Amino acid sequence: MCKPKVGVYALTSCYGCQLKLATVSKILEISEAVSFESFYMLSSASTMAPDVEVAFVEGSVSTEKDLEELHEIRKHSKILVALGACSVNGGVQSWAEGDKKVSDLHATVYGTSKIDAAPLQATPISKHVKVDYYLPGCPPEEDEILYFISAFLFGTFPEPKDFPVCSECRMAGNPCILIERGEPCLGPVTTAGCKARCISHDVPCIGCRGPVPHNTSWFDSLASVFKAKGMSRESVRARMRIFGAHEPNLEGHLDKIYGGTK
Amino acid sequence: MSKVSYPISVDHIARIEGKAGIEISFTGTKVDVVHVNVFEGPRYFEAITVGKPLEDAVAVYPRICSFCSAAHKVTAVQAAEAAIGLQPTEQTRKLRELLYIGDYIESHALHLFLLALPDFLGYHDAFTLGKDHPSIIESGMILKDIGADIQTLLGSRYIHQENVLIGGYGKLPSKEQLESILKRLKGIHNQAEEALEHLVSFRNWPEADGDRVHLALQPFDATYSMLGNQVSASDGETFKVDAYKVRITEQVVSHSFAKHSMYKGKPFMTCALSRLTLFRSGMDGRARELAEMYESHLDPNNPMSNNFAQAIELIYFVHRAENIVEQLLADFKPYEKRIRPKIAQAGTGVSISEAPRGLLAYTIRVDKNGVVKAADIITPTAMFLPMLEDDLRRTTEAFLQQGVKDPKVLAEKIQTIVRAYDPCVSCSVHLAEVKD
């Protein structure tokens with residue numbers, strides 16, 4: 001039987017996506033069906049960028065070394081999947097993107113001391129290489145990881161989700177904590193796939209799956225409730241930027257929610 | 001005679017959490033350079049959360065690390081509560097400790113069974129180990145699963161738990177769910193002891209003996225726990241958590257984004273071995289019994305003993321979790337409301353806890369509007385990096401004196417020492433000073 005070659009790589013991140021992948025319930029079966037050519041967290045036999053059919057890349061580009069590695073990985077992979085919030089959206093390390101310079105962040109943490117490696121402003125990997133598929137989440141959900149891997153094994157391709165967490169929340173039968181309690185829930189503007197995990201725990205969504213694509217959320221009138229509930233553009237912006245600072249539609253989204261008023 | 005330098009360079013230490021390399025160079029039997037290079041990019045957590053709402057910041061801090069996100073979450077929440085003067089309820093405290101134990105069980109099980117045991121048994125990964133010894137991996141997975149499930153039940157998921165909030169929980173578990181966890185815990189005593197069993201029988205590690213000072217948090221209830229308010233050192237000193245900066249200082253080093261910490265100006269150790277060295281007397285039951293039986297494997301001066309200490313803790317925390325669930329069930333308030341944070345004045349809060357890998361310190365300063373003004377986080381790996389470099393130097397010199405000079409062989413042996421520390425490299429790069 002022909003086993004597809006798979007590589008699992010991490011740039012700058014918390015390693016949570018690899019941990020999630022390593023601990024999905026079917027990992028031992030998966031390891032029988034594919035050949036993990038590289039999976040640094042799990043195997044010391046891993047090598048950098050062997051030729052693989054599918055590469056899963058976790059983490060954002062935050063150093064020159066990350067960038068070099070990413071180019072190497074791309075060169076040696078047929079399909080490249082951005083795995084998780086850092087890789088897809090730049091991750092929480094992008095929270096200050098555009099608002100604070102990386103040199104200022106560096107000075108706050110390290111002062112004037114010299115460090116040999118060069119830091120970069122954290123960016124999603126799609127800013128640097130062609131990405132074939134996106135698997136969002138902080139961390140991604142187990143069923144989505146399994147869906148992606150089985151889609152590749154069957155020779156087909158994973159479909160992206162273009163609807164918000166809000167729809168899944170309705171299906172989960174939760175009361176709306178945004179409308180009913182005025183909680184700062186990002187469900188209306190966040191890509192679905194978690195089955196409204198946090199809201200089902202009575203915790204407002206912080207948007208870890210990234211902004212919903214194509215401004216789809218705007219068609220969900222719930223987004224306008226942010227404004228009606230008296231949440232300032234700034235507070236909604238701060239929250240949307242935790243996982244969406246690099247989203248080109250973000251300011252446009254805010255304009256739609258807040259009627260273009262600053 | 002001219003001197004020839006031999007560099008050993010391990011570009012990427014596998015089977016640790018995060019990216020790091022080792023650089024050692026030696027001339028004859030003298031080691032000139034020992035660096036643990038942390039390649040993990042900087043993520044500036046202390047800088048990016050400044051100016052943000054406290055609750056958003058507390059949701060972001062645990063993203064420093066996936067293996068110990070519950071540890072970061074509990075510590076960050078405690079520091080935030082200290083800063084705003086919020087006192088959580090007793091039930092909340094117990095549920096947090098239970099969540100934290102879930103993190104310990106998962107982290108220790110993953111480290112011991114998937115990352116460390118392959119070293120001890122001579123395999124390069126858990127997959128190949130699992131082919132010859134399927135029961136080992138199965139036990140590891142059963143333990144990992146229960147640790148993950150405790151965190152999922154209390155935290156909404158086992159990585160980046162959003163159900164843990166300042167002042168309490170979004171949703172509380174039901175009595176039935178707690179009962180089911182209790183039943184499962186009672187059924188895994190054998191699996192909990194399995195790592196220790198394998199470690200004891202495959203004792204084959206590089207000797208890395210050397211004197212050291214251990215630091216660990218004094219358990220709040222005089223038993224054995226990761227929560228408390230005072231730090232103890234094996235040199236006899238004790239100091240208050242709030243004043244940790246009097247004793248622990250940090251410096252930037254050029255070879256890594258991780259800063260180096262010192263205790264009274266010297267390297268120190270913090271890890272499971274440190275906890276066991278200082279507070280073993282607080283343990284009870286089976287874990288205490290086994291710790292005494294295998295005392296010779298728990299040498300405070302040998303970092304390789306840390307894996308044994310983790311195995312003892314795994315056993316202890318399974319029992320402690322049972323204990324806490326029983327206490328909770330005896331007086332469970334399923335509708336206890338979360339205390340909503342009300343921020344009326346500016347304040348600074350400090351919290352230190354024992355993450356699975358050692359001391360974890362948070363200082364958060366917040367203004368009267370609930371906006372973070374400064375944050376300082378010191379992770380266990382940052383604290384023990386200088387000690388780790390010392391150990392690598394000592395061990396390399398010992399091998400050189402024994403005539404082992406092949407850089408390839410040396411590199412493999414010293415990686416084992418790095419893994420014994422169970423470093424959390426992605427955690428280690430977020431150290432900062434509180435600045436105005």
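Chain A is the first sequence line, chain B the second, and so forth, proteins listed ahead of strands; every chain is numbered from 1. Computed from a prediction, not measured in an experiment: that's the story for all the values here.
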Check: Is the shortest heavy-atom distance from the side chain of A/Pro139 to the side chain of B/Arg157 under 4.5 Å?
Finding: yes
Notebook entry, point to check: Atom OG of A/Ser25 and atom CG of B/Asp145: how far apart are they, to the nearest 0.5 Å?
Noted result: 8.0 Å
Margin query: If I take atom CZ from residue A/Phe243 and atom CZ from residue B/Arg63, how far apart are they, to the nearest 0.5 angstrom?
Written below: 3.5 Å
Next item on the list: Select one option (side chain, backbone, both, neither) describing which atoms of A/Cys198 are under 4.5 Å from chain B's heavy atoms.
Entry: side chain
Next item on the list: Check whether A/Glu183 gets within reach of chain B through its side chain, its backbone, both or neither, counting any heavy atom under 4.5 Å.
Entry: side chain
Margin query: Using heavy-atom distances under 4.5 Å, tell me whether B/Ser69 contacts chain A through its side chain, its backbone, both, or neither.
Written below: neither
Next item on the list: Side-chain contact test, heavy atoms from C-beta onward, threshold under 4.5 Å: evaluate it for B/His160 versus A/Cys208 and give yes or no.
Entry: no
Margin query: Is B/Ile48 close to chain A through its backbone or its side chain, or both, or neither, when contacts mean heavy atoms under 4.5 Å?
Written below: both
Check: Can you tell which of A/Ile206, A/Val203, A/Leu105, A/Asp202 has the highest number of heavy-atom pairs within less than 4.5 Å of chain B?
Finding: A/Leu105
Margin query: Quick check on B/Leu172 against chain A: is it the side chain, the backbone, both or neither that has a heavy atom closer than 4.5 Å?
Written below: neither
Margin query: So A/Ile242 and B/Lys52, do their side chains get closer than 4.5 Å, heavy atoms only?
Written below: no
Margin query: Can you tell me which portion of A/Thr23 sits under 4.5 Å from chain B's heavy atoms? Options are side chain, backbone, both or neither.
Written below: both
Check: Do you know which of A/Glu234, A/Glu97, A/Arg239 has the most heavy-atom pairs under 4.5 Å to chain B?
Finding: A/Arg239
Checklist line | Heavy-atom pair with the smallest gap, counting every atom of B/Thr152 and A/Arg197 | finding: CG2-NH1, 4.4 Å
Note to self: If you define the side chain from C-beta out and look only at heavy atoms, does anything of A/Ile27 sit under 4.5 Å from B/Met141?
What the structure shows: yes
Next item on the list: For the residue pair A/Lys20 and B/Tyr158, establish whether any side-chain heavy-atom pair is separated by less than 4.5 Å.
Entry: yes
Checklist line | Atom of B/Ser66, atom of A/Cys14 and distance for their closest heavy-atom approach | finding: OG-O, 2.9 Å
Margin query: Please rank B/Ile137, B/Leu110, B/Asp56 by heavy-atom pairs under 4.5 Å with chain A and give me the top one.
Written below: B/Asp56
Check: Does any non-hydrogen side-chain atom of A/His106 lie less than 4.5 Å from one of B/Tyr44?
Finding: yes
Item checked: Partners meeting side chain to side chain donor-acceptor pair (under 3.5 Å) with A/Ser235 (sequence neighbours left out) -> A/Ser232
Note to self: If I take atom CD1 from residue B/Ile64 and atom CD from residue A/Gln93, how far apart are they, to the nearest 0.5 angstrom?
What the structure shows: 11.0 Å
